[in-house]
Amino acid sequence: MEESKVAFVTSPALDRVEFPYVVRFRPKVCWFSEALRNTMTLSKYLGGNLVVVEKTDLRESQDLDRYLKREFTKVHVESLYLSLRNLPYFRPLLQIYVTLAKSAVELSQQGFIVVLPCLPPDHWAGRTFVRRCSIFALSVYLAKLSGAQRAAIMSIDVHYGAGTQDHAEYDYQRGSTAEDSSSALTRPGRLFYLSLCSMSEVDPKVYRKAKKMPWCFLPVTIPPGARDDVFLSALDFASRITMTYEPEVLVVQLGLDIYREDTIGEFVVSCDAFYDIGSTLKTIMQNIRLRNIFIVIECVSSKESIDKAFTNFMAGLLGVEKPFHDSVKKDSSHTVKNLARESIQRVRRMLTKHWKVRVRVTL
């Protein structure tokens, strides 16, 4: 198996931006870099297959406002930019994100899997609205910046990304020229959004809408209280759907709120499962021809989530020894298993009937 080259791209300037946040305390981006350096399993790979890139040379020029507006409106409408420009944190935060995204694309072209943090969370930023304090759809921007004809965003998070769905729908409606759902998979220039999230986040009407827009967006939901067994089975199912789409570029939104010790999560997923998430992404890369893969880390409210879940994920991505182990129950209750099975089978039937594809499920 070919060894993975992973680059973690961040900016110390993120910790100096004063923006509101929705959890009890604001996580620091420096905690991510510290966790990589302090974890023995990972620290010995630094400088080799694991590279930490900290961007400090942010763009400064007289035309900065014009430049940021041009980059912002590549994925958002201009009226949204105008409504946000008076926020005190908007300009510096947008500048950092654009700088990190440009660096991420450069590194991905050198063969790196690029991991970068996104605080505040990315998946609520849409083309026509902003929920909470998300101001910029970084995942969508990365997908478009890479120039892919077929891009996919795969979210693994407690929350459903209504903003990312908003972008996927816009691309679908703009590029759709045929009503035949069987041909939707072969039409280029699309952004496909798949979200593995909590049942509490998705309204049934989202499924009804997804039936009419094949390979535009799709929620795969699991019940609150799910443990490793249910979560990993659902992840395998979601991964098979993504591989069926065969994107050129894959952007993964990984929310650390699915970890059991995170303060805003609904699942009871151990840090061992995060190692499996990293391994699953390696499997996706081995099964389809991905030109680029970007992983955006978001939705974190606990330092333990970074120290244990994040570092386990990075180890799984690199294919090295697992740093941490949770000696907790990994099996979900019968109620949770049955709810998850019904939910996934519902999606599977929808794919077969309305999207004309069959995806195997193991739950």
Side-chain angles (χ1 to χ4, degrees), residues 1 3-12 14-15 23 25-55 100 104 107 112-119 121-122 154-158 196 227-228 231-232 235 251-265 267-285 293-328 330:
M1 182 186 300
E3 289 186 319
S4 300
K5 292 168 55 183
V6 180
F8 181 74
V9 184
T10 185
S11 172
L14 269 172
D15 286 334
V23 294
F25 66 92
R26 174 185 167 185
K28 302 288 187 181
V29 295
C30 65
W31 293 349
F32 290 96
S33 301
E34 290 170 4
L36 295 177
R37 293 187 175 104
N38 295 337
T39 304
M40 292 184 63
T41 301
L42 298 177
S43 60
K44 62 184 179 181
Y45 288 92
L46 287 171
N49 290 335
L50 175 58
V51 178
V52 177
V53 179
E54 295 182 314
K55 298 298 294 185
L100 293 181
L107 285 164
F112 284 94
I113 303 167
V114 183
V115 181
L116 60 164
C118 188
L119 304 171
D122 179 59
M154 180 180 179
S155 176
I156 307 169
D157 196 291
V158 168
L196 176 59
R227 295 180 182 270
D228 290 20
F231 173 79
L232 292 175
L235 176 65
V251 183
V252 179
Q253 296 173 329
L254 178 60
L256 299 186
D257 55 1
I258 61 177
Y259 179 46
R260 66 182 185 87
E261 291 190 31
D262 199 90
T263 59
I264 58 174
F267 301 148
V268 197
V269 174
S270 74
C271 67
D272 297 273
F274 277 83
Y275 186 85
D276 294 328
I277 296 173
S279 300
T280 298
L281 294 183
K282 280 178 64 71
T283 301
I284 292 176
M285 289 183 281
I293 179 166
F294 305 98
I295 300 162
V296 177
I297 308 293
E298 55 184 325
C299 271
V300 53
S301 63
S302 164
K303 194 172 188 300
E304 289 78 9
S305 301
I306 297 173
D307 291 340
K308 294 181 180 179
F310 171 68
T311 49
N312 263 17
F313 166 75
M314 293 293 283
L317 199 60
L318 286 162
V320 301
E321 182 184 352
K322 186 190 303 181
F324 298 101
H325 174 70
D326 267 340
S327 56
V328 296
K330 308 292 176 66

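Residue numbers start at 1 and run along the sequence shown. Just so you know, these numbers come straight off a predicted model, no measurement behind them.
Between Val158 and Asp257, the shortest heavy-atom distance links the atoms N-OD1, 3.4 Å. Nearest approach of Ala273 to Phe231, heavy atoms of both residues: CB-CD2, 4.4 Å. Across every non-hydrogen atom of Tyr259 and Ala309, the tightest pair is CG-CB, 3.9 Å. Scanning both residues, Val268 and Asp228, for their nearest heavy atoms gives O-OD1, 4.0 Å. Taking each heavy atom of Pro323 and Thr39 in turn, the nearest pair found is CB-CG2, 3.5 Å. Nearest heavy atom pair, residue Leu107 against residue Ala7, reads CD1-CB, 3.9 Å.
Side chain of Asp157 to backbone of Gln253: no donor-acceptor contact under 3.5 angstrom is found. Looking only at distances, a side-chain donor or acceptor of Glu298 sits under 3.5 Å from a matching main-chain atom of Asp122. A donor-acceptor contact shorter than 3.5 Å is absent between the side chain of Ser305 and the backbone of Val300. Side chain of Ser33 to main chain of Cys30: no donor-acceptor pair is present (N/O by atom type, distance under 3.5 Å, no hydrogens or angles).
Note that the CD1 atom of Ile258 and the CG atom of Asp262 stand 9.5 Å from one another [nearest 0.5 Å]. Separating the CG atom in Leu254 from the CD1 atom in Ile297 is a distance of 4.5 Å, to the nearest 0.5 Å. In this structure, OG on Ser279 lies 10.0 Å from CG on Asn312, to the nearest 0.5 angstrom. Interatomic distance, CD of Glu34 versus OG1 of Thr311, reported as 13.0 Å (0.5 Å rounding). Between atom OG1 of residue Thr41 and atom CG of residue Leu36 there is a gap of 11.5 Å, rounded to the nearest 0.5 Å. Rounded to the nearest 0.5 Å, atoms SG (Cys271) and CG (Leu256) are 12.0 Å apart.
Taking the six-membered ring for Trp and the full ring otherwise, Phe310 and Phe8 have centroids separated by under 6.0 Å.
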Pair Leu235, Met154 - check side chain to side chain contact (heavy atoms under 4.5 Å, CB included), show working. CA-CA 10 Å; Leu235 176 65; Met154 180 180 179; 3.8 Å; yes

Evaluation steps, side chain to side chain contact (heavy atoms under 4.5 Å, CB included), between Ser11 and Leu100: CA-CA 7 Å; Ser11 172; Leu100 293 181; 4.0 Å; yes

Decide yes or no on side chain to side chain contact (heavy atoms under 4.5 Å, CB included) for Lys44 and Val320, but give the supporting numbers first. CA-CA 11 Å; Lys44 62 184 179 181; Val320 301; over 6 Å; no

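Checked against Ile113 for a side-chain contact (heavy atoms from CB on, under 4.5 Å), the options Leu281, Leu318, Asn49, Ile295 give a single hit: Ile295.
Using a 4.5 Å cut-off on side-chain heavy atoms (C-beta onward), Val296 and Val251 make contact.
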